[in-house]
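Notes to accompany the following structure.
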Protein chains: 2
Amino acid sequence: MGATKTDHFTDKQNQIATLLKALGHPARIAIIEYLLKVNACICGDIVNELPLAQPTVSQHLKELKNAGLIKGNIEGNAICYCIDEKVIGKLQNYFENISTRLTNKKNSCC
Amino acid sequence: MGATKTDHFTDKQNQIATLLKALGHPARIAIIEYLLKVNACICGDIVNELPLAQPTVSQHLKELKNAGLIKGNIEGNAICYCIDEKVIGKLQNYFENISTRLTNKKNSCC
DNA sequence: AATCTATATCGTAATATTGCAATATATAAT
DNA sequence: ATTATATATTGCAATATTACGATATAGATT
C-alpha cells in the first residue's frame with residue numbers, strides 16, 4: 001500500500017492532518033519562521049535563507065501553498081509570500097481546545 | 001535523495017517538525033481525538049475504533065509514542081494510552097506565539 | 001531583441017511512509 | 001497447561017516524499 005486512507009476519516013480530521021503534515025518538515029518550519037522573523041512579506045530572498053537548492057525550496061513553498069498556509073502574490077519578477085493568519089489561528093484553536101479539555105480531565109491513570 | 005536534511009536546521013525546528021509530522025496523518029489525529037473524547041486513558045479499544053487493521057493501528061500508536069505525544073502504561077494484558085499534556089501545551093504555545101506575532105505585524109502587502 | 005533574475009517544472013534517484021497478512025509475545029482466564 | 005485476548009514485530013508491496021540537476025518560463029533590464 002502506502003496511500004493514506006483519507007476516506008475513512010472525517011473531513012475535519014483530514015483537514016487538520018493536511019495542515020500539520022505540511023508543517024511536519026523542518027525546512028517548512030524554517031520557511032514559516034523566516035516569514036515571521038522578517039516581519040513582512042518576502043519577495044525573493046527565501047532561497048538564500050535556506051540550506052537547500054532552489055528547486056527544493058520551490059517544492060516546499062508549493063506544499064505550504066497547497067495546504068493554504070501561505071499565500072503568494074506575483075510582484076514584478078519576484079513572488080511575495082505571506083503566512084495566512086486564518087489558518088494559523090485554526091491550528092492555535094485546535095491545540096487550545098485539546099489543552100483545555102486535557103486540563104479539565106484530570107488524568108487518573110497516567 | 002529522499003532523506004530529510006535535519007542537520008541543516010535548528011533543534012527547535014526539528015523538534016516542532018517531528019511533533020507536527022507525527023500528527024500529520026488522519027489516523028493519528030483520530031487516535032488523539034478518541035483519547036480526548038472518552039475523557040480517560042484507554043486500555044484496549046483503540047483498534048476497534050479505527051477503520052484500520054490492528055498492525056496498522058499499532059504502528060500509528062508507536063509513532064505517536066516515539067514523538068512523545070502519548071504515553072503507554074501496561075495495564076494487565078492491555079495497554080493504557082494517554083495524551084502527554086506537556087507536549088500539546090508546547091504546540092499550543094508555538095501557534096499562539098505565531099498568531100500574536102502575525103496580528104502585531106499588520107500585513108502590508110497580502 | 002538579448003540578457004539577467006527569480007521562480008517553476010520535469011525527470012529521476014534515494015529514502016520514507018502506509019497498510020496489512022502472518023507471526024510472535026505476553027498476560028488473563030479457564 | 002491450554003486457550004483466549006491484546007498488542008507488537010516482521011516482511012513486503014504500493015505509494016509518497018525529499019532532494020537536486022537540467023531545463024523551462026516570465027518579467028525586468030539593458
Side-chain angles (χ1 to χ4, degrees), chain A residues 1-9 13-14 17-31 34-35 41-67 69-82 109, chain B residues 1-9 13-14 17-31 34-35 41-67 69-82 109:
Chain A
M1 309 274 159
T4 299
K5 288 187 150 187
T6 51
D7 35 315
H8 289 138
F9 302 98
Q13 287 169 340
N14 282 313
T18 300
L19 289 175
L20 296 180
K21 187 179 182 183
L23 290 173
H25 190 291
R28 296 193 287 267
I29 290 290
I31 289 172
Y34 182 62
L35 286 174
C41 302
I42 293 303
C43 312
D45 231 4
I46 295 186
V47 172
N48 304 322
E49 266 305 302
L50 294 182
L52 296 168
Q54 180 267 322
T56 309
V57 174
S58 189
Q59 196 174 296
H60 283 304
L61 286 166
K62 192 180 178 183
E63 273 170 74
L64 287 171
K65 229 190 303 181
N66 286 344
L69 283 156
I70 62 174
K71 294 174 284 184
N73 295 51
I74 296 169
E75 192 99 346
N77 72 342
I79 291 192
C80 177
Y81 283 112
C82 314
C109 82
Chain B
M1 307 270 162
T4 298
K5 288 188 151 187
T6 51
D7 35 316
H8 289 138
F9 301 98
Q13 287 170 340
N14 282 313
T18 300
L19 289 175
L20 297 179
K21 187 179 183 182
L23 289 173
H25 189 291
R28 296 194 287 268
I29 289 290
I31 289 172
Y34 182 62
L35 286 174
C41 303
I42 293 303
C43 311
D45 230 3
I46 295 187
V47 172
N48 304 322
E49 265 305 302
L50 294 183
L52 295 168
Q54 180 269 321
T56 308
V57 174
S58 189
Q59 195 176 298
H60 283 305
L61 286 167
K62 193 180 178 182
E63 273 170 74
L64 287 171
K65 230 190 302 180
N66 286 343
L69 283 155
I70 62 174
K71 293 175 284 183
N73 296 49
I74 295 168
E75 193 99 348
N77 74 341
I79 291 194
C80 178
Y81 283 112
C82 313
C109 82

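Lettering follows sequence order; numbering is per chain, from 1.
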Checking dT7(C), dT9(C), dT18(C) against the side chain of His25(B) (C-beta onward), the nearest is dT18(C)
Can you tell me if Ser58(B) touches the phosphate of dA8(D), counting only side-chain N or O atoms and a distance under 4.0 Å to OP1 or OP2?
yes
By nearest atom, which of the nucleotides dA16(C), dA8(C), dG19(C) is closest to the Ala3(B) side chain?
dA16(C)
Is the distance from OP1 or OP2 of dT17(D) to the nearest side-chain N or O of Lys21(A) less than 4.0 Å?
yes
Thr56(A) side chain N/O closer than 4.0 Å to the phosphate oxygens (OP1, OP2) of dT18(D)?
no
What is the nucleic acid contact for Thr4(A), judged by heavy atoms within less than 4.0 Å: base, sugar-phosphate only, or nothing?
sugar-phosphate
Please evaluate the base of dA8(C) for a donor-acceptor partner in the side chain of Gln54(A) within a cut-off of under 3.5 Å?
yes
Any donor-acceptor pair under 3.5 Å from Thr18(A) side chain to Asn14(A) backbone:
yes
May I ask you to verify if any side-chain N or O of Lys62(A) is less than 4.0 angstrom from the OP1 or OP2 atom of dT9(C)?
yes
Candidate nucleotides dT17(C), dA8(D), dA21(C), ranked by approach to the side chain of Ala53(B) - the nearest:
dA21(C)
Is the distance from OP1 or OP2 of dA19(D) to the nearest side-chain N or O of His60(A) less than 4.0 Å?
yes
Given dC20(D), dC20(C), dT7(D), identify the nucleotide with an atom nearest to the side chain of Lys5(B).
dC20(D)
